[in-house]
Amino acid sequence: MVSIAVTPTNPSIAKGLTEQFTATGTYTDTSTQDLTTTVTWESSDDGKATIDSNGLATTLDEGTTNITAALSGITSPTQTLTVGQETLVSIAV
């Protein structure tokens with residue numbers, strides 16, 4: 001494997017929501033493989049968002065955190081997750 005790419009690219013979501021990240025490995029023969037559940041995920045600020053072993057980020061507070069994926073000494077470029085204000089999802093009368 002020569003590189004890991006993480007998508008989506010620099011997403012912005014509201015506080016309290018989740019964002020699914022995926023990791024794709026590229027190999028020397030240019031083939032690719034989904035590594036989402038194989039890589040080690042990291043959020044640079046667990047106070048803003050956490051990310052589980054399946055690439056699901058859960059937002060906790062407004063601000064930004066950097067998301068990366070790593071495997072076998074290779075780390076992906078950083079994707080910045082921006083967490084905005086919570087949004088109204090329903091009104092009950």
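We're numbering straight along the sequence, starting at 1.
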Check the pair Thr9, Gln79 against side chain to side chain contact (heavy atoms under 4.5 Å, CB included), reporting the backbone distance first and the verdict last.
CA-CA 6 Å; Thr9 303; Gln79 296 301 336; 3.4 Å; yes

Derivation and outcome, side-chain hydrogen bond (donor to acceptor under 3.5 Å, both in side chains), residues Thr65 and Ser44
CA-CA 5 Å; Thr65 185; Ser44 65; 3.3 Å; yes

In the hydrophobic clustering that connects Ile, Leu, Val, Met, Phe, Trp and Tyr at side-chain heavy-atom distances below 4.5 Å, which members other than Val39 occupy its cluster, ordered by chain and number?
Met1, Ile4, Val6, Ile13, Leu17, Phe21, Tyr27, Leu35, Trp41, Ile51, Ile67, Leu71, Ile74, Leu81, Val83

Any donor-acceptor pair under 3.5 Å linking the side chain of Gln20 with the backbone of Asn54?
yes

Donor-acceptor pair, Thr36 side chain versus Ala23 backbone, under 3.5 Å?
yes

Are any side-chain N or O atoms of Thr68 and backbone N or O atoms of Ser76, one a donor and one an acceptor, separated by less than 3.5 Å?
no

Closest non-hydrogen contact found for Asp29 with Ser31 is OD1-OG, 2.6 Å

Sub-3.5 Å donor-acceptor pair from the side chain of Thr59 to the main-chain atoms of Ala14, do we have one?
yes

Could you grab the distance from atom OG1 of Thr50 to atom CD of Glu42, nearest 0.5 Å is fine?
12.5 Å

For Ala49, is there any backbone N or O sitting under 3.5 Å from a side-chain donor or acceptor partner on Ser43?
yes

Do Thr22 and Thr7 have side-chain N/O donor and acceptor atoms under 3.5 Å apart?
yes

How about Ile91: does its CD1 atom have over 12 heavy atoms from other parts shown lying under 6.0 Å from it?
no

Is the backbone of Thr78 close enough, under 3.5 Å, to the side chain of Asn66 for a donor and an acceptor to pair up by distance?
no

Examine distances only and state if a side-chain atom of Asp45 and a backbone atom of Gly47 form a donor-acceptor pair shorter than 3.5 Å.
yes

Please confirm whether the backbone N or O of Glu62 pairs with a side-chain atom of Lys48, one donor and one acceptor, at under 3.5 Å?
yes

Between Asp52 and Leu56, is there a donor-acceptor pair closer than 3.5 Å when you use the side chain of the first and the backbone of the second?
yes

